[in-house]
Enquirer: 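The following block contains the structure, expressed as structure tokens.
From a predicted model like this one, the values you see are computed outputs, not experimental measurements. Quick note on labels: first sequence line is chain A, next is B, and so on, each numbered from 1.
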Amino acid sequence: MPRYNPATIEPKWQAFWEEHGTFAVPRLPDGDKLYVLDMFPYPSGDGLHVGHPEGYTATDIVCRAARMQGKSVVHPMGFDAFGLPAEEHAIKTGEHPRIQTEKNIATFRRQLKSLGFSYDWQREIATTDVEYFRWTQWIFLQIYDTWFDAETQRGRPISELPIPAEVKAQGLDAVRAYQDERRLAFQSHAPVNWCPALGTVLANEEVIDGKSERGGHPVERRPLRQWMLRITAYADRLEKDLDDLDWHEGIKALQRNWIGRSTGAEVDFYIGNTHLAPGDSPGAKWGEARAKCGLPEKPGDDVLRIYTTRPDTLFGATYMVIAPEHRLVERLTTADNKAAVKKYCDTAAAKSDLDRTELAKEKTGVFTGSYAINPVNGEAIPIWIADYVLISYGTGAIMAVPAHDERDFEFAQQFGIEIKPVVQPGDHVPRDEAAQILAGAQVYTEPGVAVNSGDFDGLATAEFKQKITAWLADRGLGRQAVNYKLRDWLFSRQRFWGEPFPILHELNSDNQPTGRIRTVPADQLPVDLPHLEDYKPHGRPEPPLDKAPDEWLYPVIDGVRYKRETNTMPQWAGSCWYYLRFLDPRNETAAIDPEIEKAWMPIDLYVGGAEHAVLHLLYARFWHKVLFDRGVVSTPEPFQKLVNQGMILGENNEKMSKSRGNVINPDEVVKEYGADALRLYEMFMGPLEATKPWSMEGVNGVYNFLGRVWRLIVDDKADALALHGSVTNAEPGEDDLRATHRCIKAVTEDLASLSFNTAIARMMELTNHFTKAEVRPKSCLESLVLLLSPFAPHLAEELWSILGHVDSLAYEPWPLYDEALLVEAMKEYPVQINGKVRSKIQVAADADQAAVLAAAKADPRIAELIEGKRLVKEIVVPGRLVNLVAK
RNA sequence: GGCCGAGUGGCGGAAUUGGCAGACGCUCUGGACUUAAAAUCCAGUGGGGGGCAACCCCCGUGCGGGUUCGAGUCCCGCCUCGGCUACCA
């Protein structure tokens, strides 16, 4: 009884492919290349999730079909293997994180192989491989060695950075400092979540409500020396280059939003050298001086520089706000406000970003006691401190215009500050509402026409913005400015299990850092992680590598003692360039051979979850652009086409999670139904990009389909493996050919648009067609098997061999369809009267419109229905339908 | 609050982009085969109504309007659900 038995045929073909190196890819493409990439997984201890095979099957289908269509396809897989869980396991057990990581990778590899994906496993890499992160470190050195030339909008070697004469005159250290300030990788102090009870620094996700996720211990924010990458320098290019990418508009919008470019003006408000009081003015001298020398590059201590996107509302500014971390806080606070201000700033410092934004519904703030002079009207307005202004955006200070900004409005209402409307709403605003706005009782943030704005009254918002910006620039009081929501990338972590930085800090004779740093030369990479006795926290905020043995931690070069950088890189680092290494995974002299890079890049199709739509894709694009500027890669963008697979929900339509108990294990599905059924089901569920619920009955459904295909070709009632009796070498009939060629056309087209679900439906139709047929022409069955092979490769290979072929079908030419065979002699037209189908007629396929119309009117039922009525309109849509409008 | 996406039978989903709504599959029902069951094969399966019958009629794509000979598809106004994001001045 040769039944369809995936449990025997699947391992058999997997072994065959492996033995024969069926999917091994040559160094360079042979003919048209296709680079299809999956987002490589993080090998968690839980093993593969059913979400993984969704995208992986989609790309596998594309690759298998492309090979049959003669393309040279590279389709690699690897592992994003650094990460917290392995380190936590190490802390508990004392076992090196690498051991756990490798176990997990082994599980993932086994699971992936059991699904029959056509990866070139020779190219497998893990970000944790020393030979891989050697080149991650090398790329860091490239970034470190680069400064961004704003003029040409390009990253250039630091050696090409022009050094101003006055800097040069101050000596070598000054030059170094000047360069270091401009490198794309630089050091800075940034707060971390320090948990004294756990003796370790926590990631943001590990902090909930200001307490540690584990144990609920208090967490404080502490500034620590960190590495930053200057991604903001590339913000404009990262935004602009999205235009030419073949990505879903929604994802592009997400990235644009994240970059968050805004244009406005920076404006200086005079604050004097002491504390200004109401009624004070800067005096004519200051204004004259400014008009002469223009706006200084950096604001001095006598002004408060703010950023606004609405310079047209300057006349409506009734107070100022600076962030609690602003450098002028102390300077601006008058004696009698000191205590309150200190208390407020201390509280703000303890709050996490989350507390300051999401959870804080009510606005808070404190008055400094001093005033600033509005440059447009000379009015002195109070300066407040409030944490709704972020130090990390713009200048960390704003002018508040409560009449035309919701946040300022809320704040002003709360603290009883004047609300002064300066924008007359547009005509779309109802009259009573406009009156409310002009009375300062309601906020209005849209454009309109200026009022209460001196000589500028009557200007439309857009025009006013331009005029006032020019006015300010003329007087040295302000300038046009651009800002981004995007922040520089905090690139260091206080963790063990990550890539070490190839950086050394010089020490003086007292073992204190001198501030000078040097890099580990490229030819001395990799910097491997040291051996540790155990992985337990050492109880200081410094990274765990601080407890590395001295031989590792303190190298001596040319008689100078250094301390290694002990921060490690974040998990994002490894995934920023893995797609390059896949092309040349064993290269020992370069990250990638330029010849190989030119031949295969860019990636033609990149498939992965939407959860990486912002960070991973932005970071990788940023690295790629730096590498492009430095001549390492030849394309400005890595991922030409991107598709985000949808989420798979549990059977109950909820997210899959252990706690809900609705997690589906792919191993179980493979065991019960086979890999082909799992693959086919995941593709049949619905569109790749849609969120859709799992259904075991659905899996059973496609499993039945595969069984039907099997029985179409194999006689499952025979004692031994034999072709079904109705399989024949005879020439196929017209109906068979039409059905087959329609299927070829549909599947080919659906594949091109990644519409796998409908492609499968078409193959089901063809299977139904031949199941009913008493004679099944072999040539048609072969076409079906080839069409099915990218989806259910094991079954297809088995049937292909049963049909008498010796070789794998992996490189068999893709079936072609003949347009001439698709058309029928007769065509059925529905005939509508007043838009409702009343009859159907058979007409010769090549009949002209008049003939179709005549046939429609001649139809007995139609004739009866239009009898005695007047035909107002007669519509014939060629190839579609007839509609008669009768009265 | 903002951005994006989606609402079609009992369920997952189709619909050449303005042209027969419900392809394909699941579920369910009936039949064939069988001593019986499973498996398999065949047929039916949006709702309501009429007819002995082949058939016929009405309603129907979240809701309300509109454009059109014709709307799931386009326009206007809502409702619901999901994802991402969140004081970015």
Enquirer: For a quick test of reading the model: is some side-chain N or O of A/K485 closer than 4.0 Å to OP1 or OP2 of B/rC87?
Expert: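 Checking A/K485 against B/rC87: no side-chain N or O falls below 4.0 Å of OP1 or OP2.
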Enquirer: Using the C1' atom as the reference point in each nucleotide, state the distance between B/rA23 and B/rC75 in Å, no decimals.
Expert: 29 Å
Enquirer: Just how far, in rounded Å, is P of B/rA14 from CZ of A/F756?
Expert: 14 Å
Enquirer: Looking only at the side chain of A/I875 (C-beta and beyond, no hydrogens), which of the listed nucleotides B/rG19, B/rA89, B/rG25 gets closest?
Expert: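 It is B/rG19.
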Enquirer: Of the listed nucleotides (B/rG13, B/rC20, B/rA23), which one gets closest to any side-chain atom of A/P687?
Expert: B/rG13
Enquirer: Would B/rU73 be called syn or anti, given that syn covers angles within 90° of 0?
Expert: anti
Enquirer: Taking syn as any angle within 90 degrees of 0 and anti as the rest, which one fits B/rG9?
Expert: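 With its glycosidic angle within 90° of zero, B/rG9 counts as syn.
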Enquirer: Under a 3.5 Å distance rule, please check whether A/D488 uses its side chain to pair with a backbone N or O of A/T232 as donor and acceptor.
Expert: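 Yes, A/D488 side chain to A/T232 backbone: donor-acceptor pair under 3.5 Å.
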Enquirer: Pick the C1' atom in B/rG31 and in B/rA21, then give their distance to the nearest Å.
Expert: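 B/rG31 and B/rA21 have their C1' atoms separated by 30 Å.
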Enquirer: Salt bridge check, A/E824 against A/R742: does any charged N sit closer than 4.0 Å to a carboxylate O?
Expert: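 A salt bridge is present here (some side-chain N lies under 4.0 Å from a carboxylate O).
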Enquirer: Can you find a side-chain donor-acceptor pair between A/N483 and A/S262 that sits under 3.5 Å?
Expert: no
Enquirer: Is it true that A/K717 and A/D715 have a side-chain N and a carboxylate O under 4.0 angstrom from each other?
Expert: no
Enquirer: Sticking with atom C1', work out how far B/rA89 lies from B/rG5, rounded to a whole angstrom.
Expert: 29 Å
Enquirer: Establish, from distance only, whether the side-chain atoms of A/Y703 and A/D676 form a donor-acceptor pair under 3.5 Å.
Expert: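 No, A/D676 and A/Y703 have no side-chain donor paired with an acceptor closer than 3.5 Å.
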Enquirer: At less than 4.0 Å, is any side-chain N or O atom of A/S262 found next to OP1 or OP2 of B/rA89? Yes or no.
Expert: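 For A/S262, the contact criterion (side-chain N or O under 4.0 Å from OP1 or OP2 of B/rA89) is met.
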Enquirer: Figure out the CE/P separation between A/M763 and B/rA14, and round it to whole Å.
Expert: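 From A/M763 CE to B/rA14 P: 15 Å.
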Enquirer: Quick one: stems for RNA chain B, with Watson-Crick or G-U pairs under 3.5 Å, at least three in a row?
Expert: B:1-7 with B:79-85, B:10-12 with B:24-26, B:28-32 with B:40-44, B:46-50 with B:55-59, B:62-66 with B:74-78
Enquirer: Of the candidate nucleotides B/rC58, B/rG19, B/rC84, which contains the atom at the shortest distance from the side chain of A/L254?
Expert: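 Looking only at side-chain atoms, A/L254 lies closest to B/rC84.
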Enquirer: Please encode protein proximity along nucleotides 27-50 of chain B as a string of B, S and -, counting only heavy-atom distances under 4.0 Å.
Expert: S------------SSSS-------
Enquirer: Please measure how far the P atom in B/rG22 lies from the corresponding atom in B/rG60, and state the result in whole Å.
Expert: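 Between the two P atoms, the distance is 16 Å.
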Enquirer: State which of B/rC87, B/rG83, B/rG70 makes the closest approach to the side chain of A/Y388.
Expert: B/rC87
Enquirer: In whole Å, measure the gap between the C1' atoms of B/rU34 and B/rG51 for me.
Expert: 39 Å
Enquirer: Can you tell which of B/rA89, B/rC3, B/rC59 lies closest to the side chain of A/N257?
Expert: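 Nearest nucleotide to the side chain: B/rC3.
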Enquirer: Does a side-chain N or O from A/R861 land closer than 4.0 Å to OP1 or OP2 of B/rC57, or not?
Expert: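 Checking A/R861 against B/rC57: at least one side-chain N or O falls below 4.0 Å of OP1 or OP2.
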Enquirer: I'd like to know if the side chain of A/K692 and the backbone of A/L688 have a donor-acceptor N/O pair within less than 3.5 Å.
Expert: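 Yes.
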Enquirer: Under the ring pair (Phe, Tyr, Trp, His ring centres under 6.0 Å) rule, collect the residues that match up with A/W694, sequence neighbours excluded.
Expert: A/Y681
Enquirer: Which nucleotide in the set B/rC20, B/rC24, B/rC59 lies at the smallest distance from any side-chain heavy atom of A/K840?
Expert: B/rC20
Enquirer: Could you walk me through whether A/T364 and A/Y344 pass side chain to side chain donor-acceptor pair (under 3.5 Å), step by step?
Expert: CA-CA 9 Å; A/T364 58; A/Y344 184 80; 2.7 Å; yes
Enquirer: Closest-nucleotide mapping onto RNA chain B: is A/K655 or A/N834 further toward the 5' terminus? I mean the 5' end.
Expert: A/N834
Enquirer: Could you check how far CD1 of A/I398 sits from P of B/rC87, rounded to whole Å?
Expert: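 After rounding, the gap between these two atoms is 14 Å.
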Enquirer: On a whole-Å scale, what distance lies between the P atoms belonging to B/rC41 and B/rC24?
Expert: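 Going atom to atom, P in each nucleotide, I get 16 Å.
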Enquirer: Output the single nucleotide from B/rC58, B/rC20, B/rA89 whose closest atom is nearest the side chain of A/V837.
Expert: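 Between B/rC58, B/rC20, B/rA89, the one nearest the side chain of A/V837 would be B/rC20.
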Enquirer: CD of A/Q842: more than 12 outside heavy atoms within 6.0 angstrom?
Expert: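 Yes.
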Enquirer: Please state the C1' separation for the pair B/rU67 and B/rC11 - nearest whole angstrom.
Expert: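 Comparing C1' positions in B/rU67 and B/rC11 gives a spacing of 35 Å.
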Enquirer: Test A/Y388 against A/F411 for ring-ring contact (aromatic ring centres under 6.0 Å, His included), laying out the working first.
Expert: CA-CA 9 Å; A/Y388 81 90; A/F411 190 87; 5.3 Å; yes
Enquirer: Without decimals, in angstroms, what is the distance between A/K252 NZ and B/rU85 C1'?
Expert: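 Distance, rounded to whole Å: 21 Å.
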Enquirer: If you check the A/W258 side chain, which of B/rG13, B/rG19, B/rA86 turns out closest?
Expert: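 It is B/rA86.
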Enquirer: Hey, does the side-chain of A/R310 have a donor or acceptor N/O within less than 3.5 Å of a partner on the base of B/rA89?
Expert: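 For A/R310, whose side chain was compared with the base of B/rA89, there is no donor-acceptor pair (under 3.5 Å).
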Enquirer: By nearest atom, which of the nucleotides B/rG5, B/rG83, B/rG19 is closest to the A/Q832 side chain?
Expert: B/rG19
Enquirer: To the nearest Å, how far apart are A/Q849 CD and B/rG19 C1'?
Expert: 14 Å
Enquirer: Taking only the P atom of each, what is the distance from B/rC84 to B/rG10 in whole angstrom?
Expert: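 The answer is 30 Å between these two P atoms.
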Enquirer: Have a look at A/E828 and say if it touches a base, only the backbone sugar-phosphate, or nothing, with a 4.0 Å heavy-atom cut-off.
Expert: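 Result for A/E828 = base.
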Enquirer: Can a donor-acceptor pair be found, under 3.5 Å and without considering hydrogens, that links the side chain of A/R776 to the backbone of A/L712?
Expert: yes
Enquirer: Taking only the side-chain heavy atoms of A/A761 (C-beta and beyond), determine which of B/rG70, B/rC24, B/rC20 contains the nearest atom.
Expert: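 In terms of side-chain proximity for A/A761, the closest of B/rG70, B/rC24, B/rC20 is B/rC24.
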Enquirer: Just how far, in rounded Å, is C1' of B/rA89 from CZ of A/R261?
Expert: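 Distance, rounded to whole Å: 17 Å.
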Enquirer: Between A/E765 and A/R762 (salt bridge meaning N to carboxylate O under 4.0 Å), is one present in this structure?
Expert: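 Salt bridge flag = yes for A/R762 with A/E765.
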Enquirer: Roughly, in whole Å, what's the span from CD in A/E611 to P in B/rC4?
Expert: 21 Å
Enquirer: Which whole-number value in Å describes the distance from A/K692 NZ to B/rG82 C1'?
Expert: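 That distance rounds to 14 Å.
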